[in-house]
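Okay, structure first, notes after.
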Amino acid sequence: MHSVGIVIERRVKPKVDPALVSKVRAIEDKWVDRWIKSGIFEAEPDPSKPKFFVTFPYPYINGLIHLGGAFTILRVDIAARYKRMRGFNVLFAQGWHATGGPIVSAALRIREGDKKMVSDLISMGVPVDEISKFSNPEYWVKYFSDNWRRDLISYGLSIDWRREFYTTYLNPYYSKFIEWQYLRLRDKGLVGKGTHPVVWCPKELKVVGDHDRPDEYVGISLVDAVLMKFKLDDGHIIPTMTFRPETIYGVTNIWIKPEAKYLIADVDGETWILNSYMLEELKDQGHRVNVKGEVDGSSLIGLKVNNPVTGLKVPILPAYFVDSELGTGIVMSVPAHAPYDYVALMDLKSNPELLVRYGLDSSVVDGIEPIPLIKLEGYSSIPARDAVTSRNVKDQNDFKKLDEATSEIYSKEYYNGVLLENTGKWAGRIVCEVKDEIIDWLESNGYAIRIYTLPVRVYCRCGARTHVKIVSDQWFLLYSDENWKKMTLECIDSMNLYPPEIREELKKTAFNLRDWAFTHKGELGTHLPWDPDWVIESLSDSTIYMAYYTLAKYLQHPEKYGIKPEQLKPEFFDYVLLGRGNVAEVSETTGIPAELLDEIRREFSYWYPVDLRISGKDLLYNHLVFFIMHHVAIFPREFWPRGISINGWIMVSGEKMSKSKGNFILLRDAINYWSASAVRWAEVMAGADSTLEDPNFEPSMADLAVEEILRWIDYASGNYGVGRSERLKIDDWFESALHQTIKKVTELMDKTMYKSAFVEAYYNLQNKFKWYLRRAGTPNRDLLKQFIEIQTLLLAPFIPHVADEVWERIGKDGYASIHPWPTYDESKIKPELDLAEEIVKGVLEDARELLRLVKQAKMVRVTVAAKWKYDLLAEVKKALMEGARLNEAIRISFRKVSLPSKLASQLVQSISRNPETIEMHVPVDVEYAVLKEAEEFLSRELNLKVVVEREEESSSPKKDISLPSRPAIYME
RNA sequence: GCGGGGGUCGCCAAGCCAGGUCAAAGGCGCAGGGCUUAGGACCCUGUCCCGAAGGGGUUCGUGGGUUCAAAUCCCACCCCCCGCACCA
């Protein structure tokens, strides 16, 4: 699915000590080896356990995996590992996508000795003497799938490799599966035939995809245009190409290139004058053409043509901006709304000599004035003039400014321009609303025809100029089918989608989907079973292949199960995937033993449907919708997909990753630089939550991660089992924090919010632990053990090699990787201890601030507020809960608690000034006890004697201002 | 234009759905201190402005509004990114 680019220059470098990286890498190698040997990630159906099937769109293997792919597939691995720890039987398999044109074309280039292609391969680590092997497309598939697998294994992915496969006729088993899928779609009436425009190479006689073009022509797609039929008095048609047929009402003249040669040709029975390029294009778009002669552009100058719509006679004039090789080579001039036309007209008016050269009288242009036909807010009646003047355009050679002006006027007039009275029945309408109607009208009256063309010159790799051809026997998937859409929308409604906003996006995309040309020629893929000249294109053969992972274990291992491709008759798939047919008969037809058929059927029905598909946001608008559509078309409801999680595209140091910027990083390079664990760490920190925002990979984060990882391994293994045995109040707080962390992390993991979960699981927990050590001095032994275990397990989905290493070093058996996920005990979570801890922090901060101001003090007196203040606050809180507003609540509460009026007014002020005290407050005895226990800690931190006392027993001159959660502090 | 995502205290980035505990988490950077032969790492403190008592002032793209109270809700506007199909 994702195409992979190629490294040219490597600007990003690691800063971390390579010796440290080697240490981590050694640990990783050890665990990767054990995982593979033990087969702990090989998934077998187990009806006693709930299953979880998670997938990553298989990559297009024309290159190596880079940080972008690594990011998304890491999220899949995290999901898989997490679910495994949660007790699910998890299937995570991986295949490779070879369908499409790029590999074929790249192999061709190697065969032709293309230097760039060769250097691309070398920069990906291919030895020079092996380059020639890449002239065979099949070798690409083999080489890059091997290398992807290698990279993914060292990355630590928990994939069941027995289910690996690649697509296309290179893998006949897979092709049989695709053939079956399309036969069934055809049975259901979801396949049709029709015409379709393509970019065409007239020399090689083939469709020209992006991969068939030099770089500078990549991404240019064909557009709709209109040929307007102006008529000479002798009946010859002068066709002008335009993207703005509505401006026909403002045509003042026709532009022609005097030096150019034009053809006189028969087109659908009329005599046209146009360039050879458009004639070719017309021929390939179903028009009958026949060349009759040739004419110089100059000889047409001065002639008058009839505007087919307005009937106005306008002259043909010379203009050097006209590209005789684009469109028909002849342009209609609408100076009011087209900057080029406006400037060309002005040029001509100020250079009458030019006219004389063509034997014209300068008076020809004198009478020509722009004809406004669109009203545009914020512009004069001649918007083209405004755009030209504001840019200070000198003449028609000022391409850059003119192109800018053109796109400004075109797009504004298209979306906001209102047609004027002189456009007849279109008057008052907005251009974009009526454009199609206008074209229909022009066409049905014979004033114009629709064509497809390329907006600029586009060349094929072979050097020939391409044009647009309409192919007539194109196969379509009928995505516009109402019923199909309806079922698709139902499925989307029933799915778990992360982030939630993609639900509407998916529905909208499905709803607007048009029929899809699903067959191509000359590419790798699976031949269409009923019309084998065609090959099923790449997006269309990758819609339900997740089902194939459940079969691949059997089909891709003939050495074990003895199944041959030719045995995979449609009946086979009908039986194992749809449960249709009688097993004895299917066995008879296919020659596959009935028991094996049943085993495969059980395997499929156990794992299916897909529980979660994790993908980059780019696939939202095509693949993911197709994925859903084909499932609902082929499978019964119980096998419809259950979930999708989307993430953005990776950035490196805040910039889009690109070869030219030199910040393009291959996964294997990143692992060499920083280790797999540190890369995983930095990828998660880049932003592994489910969101449409782009994550940002910071190389410095990977540097830090290496050290952080080694620190954790050392700390955990060196401190497991140390600590004091007695239990302190602060231990309760940390225990509460631990359980709270598990709870939060679990909730975030369930929402595929992996960065947030990781920050909570590591950074926030570490900070809490640091605070605990500061507060407690020596930690409690049991609690420290618990912390180390929990911390390690929470990290396991993210940095599994490291977790397993720590697990082993602290003397545990088995793997942290597949150990049950830690559970939390709700009764151990004590919010009031957190609040009390906040109070301690607050006292410490306030005391520090006071010390800065007071400069010196001998001791600190901390006075906890009197009980009646707590009672009062409790009343206020109660009143607030009942819906009272703050001031009201305070007033109500005062009536209930009797106290001296002087104190009362003071309190009103401080409560309304510090509303946080309302939320923060804990029972007075808890606050007092915690602060009392913290006396020693506070005095250690402040380097001063600290005394905690109750207001009732205090002699502090500041005791009156004490509030619940805000003890009075007095510096003596 | 339509649809989607964003614009937060030097940079990165939480918070926004469920308004008050938000001068606003965390990281980086910067400054000071501790540790250290030194550097790194690590730990602590500070990092919008003013302040000799925990306070005050001005901030969360811009401008309005709702509210006792707005980064958070409403309205209008500005800027950036992505998709709008045959590249995978």
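Sequence lines set the chain letters: A, B, ... in the order given, protein chains first and strands last, and positions in each chain run from 1.
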Report which part of the nucleic acid [X] touches: base, sugar-phosphate, or nothing (heavy-atom distance under 4.0 Å, all strands).
X        : value
A:Met685 : nothing
A:Tyr970 : base
A:Asp210 : sugar-phosphate
A:Thr99  : sugar-phosphate
A:Leu692 : sugar-phosphate
A:Gly842 : nothing

Indicate every side-chain donor-acceptor pair of residues 758-765 of chain A with a distance under 3.5 Å to a residue at least two apart or in another chain.
residue: A:Glu760; atom: OE1; partner: A:Asn764; partner atom: ND2; Å: 3.0
residue: A:Tyr762; atom: OH; partner: A:Glu708; partner atom: OE2; Å: 2.9
residue: A:Tyr763; atom: OH; partner: A:Trp681; partner atom: NE1; Å: 3.0

*Could you give the NZ-to-C1' distance, from A:Lys435 to B:rG1, as a whole number of Å?*
13 Å
_When the P atoms of B:rU72 and B:rC16 are compared, how many Å lie between them, rounded to an integer?_
12 Å
Looking only at side-chain atoms of [X], point me to the closest of [options].
X        : options                : result
A:His211 : B:rU45, B:rG5, B:rC87  : B:rC87
A:Leu850 : B:rA53, B:rG5, B:rC12  : B:rA53
A:Glu698 : B:rA13, B:rU45, B:rC12 : B:rC12
A:Lys508 : B:rG3, B:rG5, B:rA53   : B:rG3

*Paired nucleotide for B:rG29 [Watson-Crick or G-U wobble; both distances under 3.5 Å]*: B:rU47
_B:rC17 pairs with, by Watson-Crick or G-U criteria that keep both distances under 3.5 Å_ = none
*Kindly say whether, by distance alone, the side chain of A:Glu413 makes a donor-acceptor pair under 3.5 Å with the base of B:rG1?*
no
*So does A:Arg711 pair up with A:Asp714, basic N to acidic O under 4.0 Å?*
no
*Taking only the side-chain nitrogens and oxygens of A:Arg774, find out if one of them lies under 4.0 Å from OP1 or OP2 of B:rU45.*
yes
_So, does A:Arg711 get its side chain near the phosphate of B:rG40, meaning an N or O under 4.0 Å from OP1 or OP2?_
no
Which atoms of nucleotides 25-34 of chain B (N or O only) lie under 3.5 Å from a protein N or O atom, and what are those distances?
none

Short heteroatom pairs, N/O only, protein and nucleotides 81-86 of chain B, under 3.5 Å:
residue: B:rC82; atom: OP1; partner: A:Lys656; partner atom: NZ; Å: 3.2
residue: B:rA85; atom: N7; partner: A:Arg514; partner atom: NH2; Å: 3.3
residue: B:rA85; atom: N6; partner: A:Arg514; partner atom: N; Å: 3.0
residue: B:rA85; atom: N6; partner: A:Arg514; partner atom: NE; Å: 2.9
residue: B:rA85; atom: N6; partner: A:Arg514; partner atom: NH1; Å: 3.3
residue: B:rA85; atom: N1; partner: A:Arg514; partner atom: N; Å: 3.2
residue: B:rA85; atom: N1; partner: A:Arg514; partner atom: O; Å: 3.4
residue: B:rC86; atom: O2'; partner: A:His520; partner atom: NE2; Å: 3.4
residue: B:rC86; atom: O2; partner: A:Ala517; partner atom: O; Å: 3.3
residue: B:rC86; atom: N4; partner: A:His196; partner atom: ND1; Å: 3.4
residue: B:rC86; atom: N4; partner: A:His196; partner atom: NE2; Å: 3.3

